[in-house]
Every structure is written in structure tokens, then in C-alpha cells.
Amino acid sequence: MVNLVAAQKPLLHGLMKMAGVRPHMVEIEPGTVMNFWVPCETVEKPKKKGDISSLRKPTKPVVVLVHGFAAEGIVTWQFQVGALTKKYSVYVPDLLFFGDSTTDKSDRSPTFQAECLEKGLRKLGVEKCTIVGFSYGGMVAFKMAELHQDLVQAMVVSGSILAMTDSISETTLQRLGFASSSELLLPTSVKGLKALLSVAAHKKLWFPDRLHKDYLEVMFTNRQERGDLLEALVVSTKDTNIPNFPQKIHLLWGENDQIFNQELAHNMKEQLGDKATFQGIKKAGHLVHLERPCVYNRHLKLFLASLNTDGAPK
């Protein structure tokens with residue numbers, strides 16, 4: 001029987017190419033490769049048949065969209081890519097063990113993800129960027145902004161935190177009624193996927209069980225490695241500190257986010273200081289960019305435009 005989610009992938013890929021991005025594999029180091037959706041205008045067609053395509057540096061301000069834990073890059077950001085490509089060079093990576101990105105290294109930490117993402121972007125000719133991170137991708141983005149301040153000029157973060165401390169992890173899981181992060185984020189059954197969607201979305205989403213089953217088969221691959229990613233995500237509360245971020249950081253939140261609620265977002269804003277701003281979006285949960293894409297895109301573009309008019313690096 002045809003997997004409906006897999007069958008829709010070529011259509012989504014075609015739509016993304018029409019929107020102005022196309023896939024490109026980057027070798028980060030031997031044994032580690034990452035897939036990036038890169039601006040079509042940066043890809044030079046090979047002069048001869050059989051030659052490898054070469055890349056040009058982006059000519060517009062760069063926006064990097066970093067996905068969360070339940071889907072790869074363009075599935076997560078399908079409603080944002082086309083809204084941004086006219087004015088921005090948009091890059092959409094697949095983090096390691098998502099999409100076609102993989103590594104033979106044993107490190108599963110957000111720091112390793114951030115370092116690979118940074119190396120990949122530099123190999124693609126990116127010198128400065130604004131990074132937009134959702135959920136797990138937000139934690140990777142925070143780490144990249146901390147370690148590579150010359151590259152990351154500003155950040156937009158949705159449904160994420162600076163780091164997943166053991167206290168936040170335990171409190172969140174108890175509140176949501178899950179025994180572990182894997183039970184929440186790596187469902188193995190239709191029932192489990194429905195439970196994840198019920199806490200991630202503001203409004204109840206209905207799909208036939210067949211579609212849930214097909215989504216599980218396509219999107220939840222590399223289960224062992226992703227389980228290791230979740231284990232490496234949790235750090236001791238006593239070992240955490242708040243980095244001094246020089247970048248502007250905009251927290252763009254679904255007001256009904258059940259996973260990382262507004263209280264966590266406001267606490268984080270206070271910790272980050274004067275350079276952090278907060279914007280809540282009504283009638284949206286954790287999946288704010290998918291539930292209210294028009295509103296989300298409007299606020300995102302307003303923040304990006306402010307970076308290009310107030311003297312901040314473009």
C-alpha cells in the first residue's frame with residue numbers, strides 16, 4: 001500500500017523549488033554530511049555533463065530556519081520559505097539524523113549539532129545570518145549564537161528554551177502526563193502520535209489513522225540516534241549559566257503553548273536582558289508557525305526588517 005506521506009514528498013519538494021530553494025548535500029567532515037535547502041540563485045549549473053554544481057555566496061540577507069524534533073526542515077518550515085525568499089536568502093538545514101543528514105561520530109549534544117550547522121553554513125558561503133529556531137532547533141540555535149557570534153547576527157526563537165535542564169524536563173513531563181521525553185517526542189504508535197499532536201497544537205487536529213501511521217513511518221526514522229539526542233539534551237540545572245548574547249533575540253510564541261508555556265518564555269526574556277523582545281500569538285500552541293502561519297510570518301518579517309533599518313548588520 002502506498003505511503004501517503006511519502007507520496008506527498010515530491011510535491012512538497014517541487015513547491016520548495018518553485019519557492020526558490022533546492023537541496024544540496026554538504027560534507028561537514030569525513031563521516032558527517034548535512035542536507036541543506038539552499039537558495040536556487042546560489043547554485044551554478046555545471047558547465048559540463050557530470051560536473052558537480054558549484055555554489056555562489058548569497059547576495060541577500062541570510063535567514064536560517066532550524067526545525068524541531070518531529071519533522072525535517074522543509075516540512076517544519078513549508079509555510080515560511082515562500083514568504084521570505086523574495087527579500088532574503090533562505091537556508092533550511094536538516095539537523096543530524098533528520099532527513100538525509102547523518103554522522104558516524106558518537107557525539108549527540110546540541111553543541112555538536114550547532115558546530116556542524118556552523119561549518120555547513122560557512123562552506124555554503126554564509127558569513128552572517130539571522131537564525132530562526134523552533135523547539136529543539138531553538139536550543140541548537142542558542143548554542144550556535146553563543147559559540148559563533150560573528151556568524152549569528154540575530155535570533156528568532158519559538159517554543160524553545162536556552163537549555164533543557166533536568167528540572168524543566170521533569171516539571172514539563174509531569175505536567176503533560178508523559179513518563180519520558182522519548183515517550184512524548186518519539187511516539188511508536190498512532191495513539192502516541194495523537195497524544196503528541198494534542199499537546200503541540202492549540203486546536204484539536206483530526207487526521208485519519210492511516211495518515212498518522214504513514215507519518216510515523218516516514219518522519220520518525222533513526223529512532224536509536226534520536227533517542228540519544230534526547231538524552232544528550234538534558235543538562236543539570238546546577239551546571240547551567242546564562243550566556244551573554246550580544247545579538248537581538250526575538251521570542252515569537254504561541255500563547256497557548258503547552259510544552260514551553262509563556263511563563264517560561266517571559267522568564268527567559270528576563271534572563272536574556274534588554275536585547276530580548278517577546279511577541280505572543282493568540283489561538284496558537286507549540287506549532288505556532290504551522291497553526292497561524294500568516295500571523296507568524298508577519299511578525300517574523302517585521303523583526304527581520306527592523307534589523308535592516310536600525311544599523312544592525314545586514
Side-chain angles (χ1 to χ4, degrees), residues 1-9 11-12 66-80 94-95 97-99 133-139 158-161 164 168-231 233-234 252-265 280-296:
M1 188 177 290
V2 175
N3 184 300
L4 297 177
V5 176
Q8 290 174 1
K9 265 195 167 186
L11 174 61
L12 179 59
V66 189
H67 64 81
F69 209 82
E72 58 198 48
I74 58 167
V75 174
T76 300
W77 300 109
Q78 57 188 288
F79 298 127
Q80 281 68 52
D94 288 328
L95 295 174
F97 302 115
F98 296 85
F134 164 66
S135 198
Y136 174 68
M139 297 179 221
S158 298
S160 187
I161 49 179
M164 180 62 83
I168 291 177
S169 177
E170 183 178 345
T171 301
T172 302
L173 290 170
Q174 283 183 349
R175 176 168 49 80
L176 296 175
F178 290 85
S180 67
S181 295
S182 290
E183 183 185 344
L184 171 63
L185 295 170
L186 283 173
T188 58
S189 65
V190 169
K191 182 180 178 181
L193 180 55
K194 286 181 177 180
L196 172 57
L197 290 174
S198 72
V199 298
H202 169 54
K203 289 187 177 181
K204 186 176 181 180
L205 303 174
W206 184 89
F207 299 105
D209 287 352
R210 161 79 186 281
L211 202 58
H212 284 98
K213 183 175 179 293
D214 289 351
Y215 190 90
L216 280 170
E217 290 179 2
V218 173
M219 289 298 163
F220 289 91
T221 56
N222 299 318
R223 285 182 173 273
Q224 178 61 53
E225 292 83 358
R226 292 195 198 181
D228 294 340
L229 291 177
L230 288 175
E231 286 188 18
L233 194 60
V234 180
L252 189 51
W253 233 258
E255 291 189 357
N256 303 101
D257 193 327
Q258 295 183 63
I259 297 178
F260 295 123
N261 57 36
Q262 279 197 90
E263 182 181 354
L264 282 173
I281 296 179
K282 297 180 184 297
K283 300 179 182 178
H286 191 63
L287 299 173
V288 56
H289 57 291
L290 294 172
E291 292 187 278
R292 303 292 307 279
C294 294
V295 180
Y296 184 93

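Keep in mind that what you see is a predicted model, and the values were worked out from it rather than measured.
Between L233 atom CG and F69 atom CZ the span is 8.0 Å, to the nearest 0.5 Å. The line from OG of S189 to NZ of K213 is 12.0 Å long, rounded to the nearest 0.5 Å. Remark: L186 CG to Q224 CD distance equals 10.0 Å, nearest 0.5 Å. Taking CG of L229 as the reference point, atom OG of S181 lies at 12.0 Å (rounded to 0.5 Å). Put simply, NZ on K194 and CG on D209 are 3.5 Å apart, with the number rounded to the nearest 0.5 Å. Interatomic distance, D228 CG to S182 OG, rounded to the nearest 0.5 Å: 9.0 Å.
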May I have the step-by-step check of side chain to side chain contact (heavy atoms under 4.5 Å, CB included) for K282 and V295, ending in yes or no? CA-CA 9 Å; K282 297 180 184 297; V295 180; over 6 Å; no

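A donor-acceptor contact shorter than 3.5 Å is absent between the side chain of E291 and the backbone of A201. Between the side chain of R292 and the backbone N or O of G285, no donor-acceptor pair lies under 3.5 Å. Judged by distance alone, the side chain of N222 and the main-chain N or O of F97 form a donor-acceptor pair under 3.5 Å. In this structure, the side chain of S169 does not engage the main chain of M164 through any donor-acceptor pair within 3.5 Å. In terms of modelled atom types and a separation under 3.5 Å, the side chain of N261 and the main chain of L264 share a donor-acceptor contact. With D214 contributing its side chain and N3 its backbone, the two residues share no donor-acceptor pair below 3.5 Å. Put simply, the side chain of R175 gets close to the backbone of Q258: a donor and an acceptor are under 3.5 Å apart. Side chain of Q262 to main chain of G280: no donor-acceptor pair is present (N/O by atom type, distance under 3.5 Å, no hydrogens or angles).
The shortest distance between side-chain heavy atoms of L287 and F134 falls below 4.5 Å. Between L184 and V199, the closest side-chain pair of non-hydrogen atoms falls below 4.5 Å. Between V288 and H202, the closest side-chain pair of non-hydrogen atoms is not below 4.5 Å. Contact check for L252 versus H289: no side-chain heavy atoms found under the 4.5 Å cut-off.
Ring-centre distance between W77 and H67: not below the 6.0 Å cut-off.
Across all non-hydrogen atoms, the minimal contact from F220 to L185 is CE2-O, 3.2 Å. Nearest heavy atom pair, residue I281 against residue Y296, reads CD1-CA, 3.7 Å. Taking both residues in full, the closest heavy atoms of P187 and G192 are given as CB-C, 3.4 Å, listed atom of the first, atom of the second, then distance. Shown here for F98 and D94, the closest heavy-atom pair between the two residues is O-CB, 3.4 Å. Counting all heavy atoms, side chain and backbone alike, A265 lies closest to W253 at CB-CE2, 3.5 Å. The minimum heavy-atom distance linking Y215 with V5 is given by the pair N-CG2, 3.6 Å.
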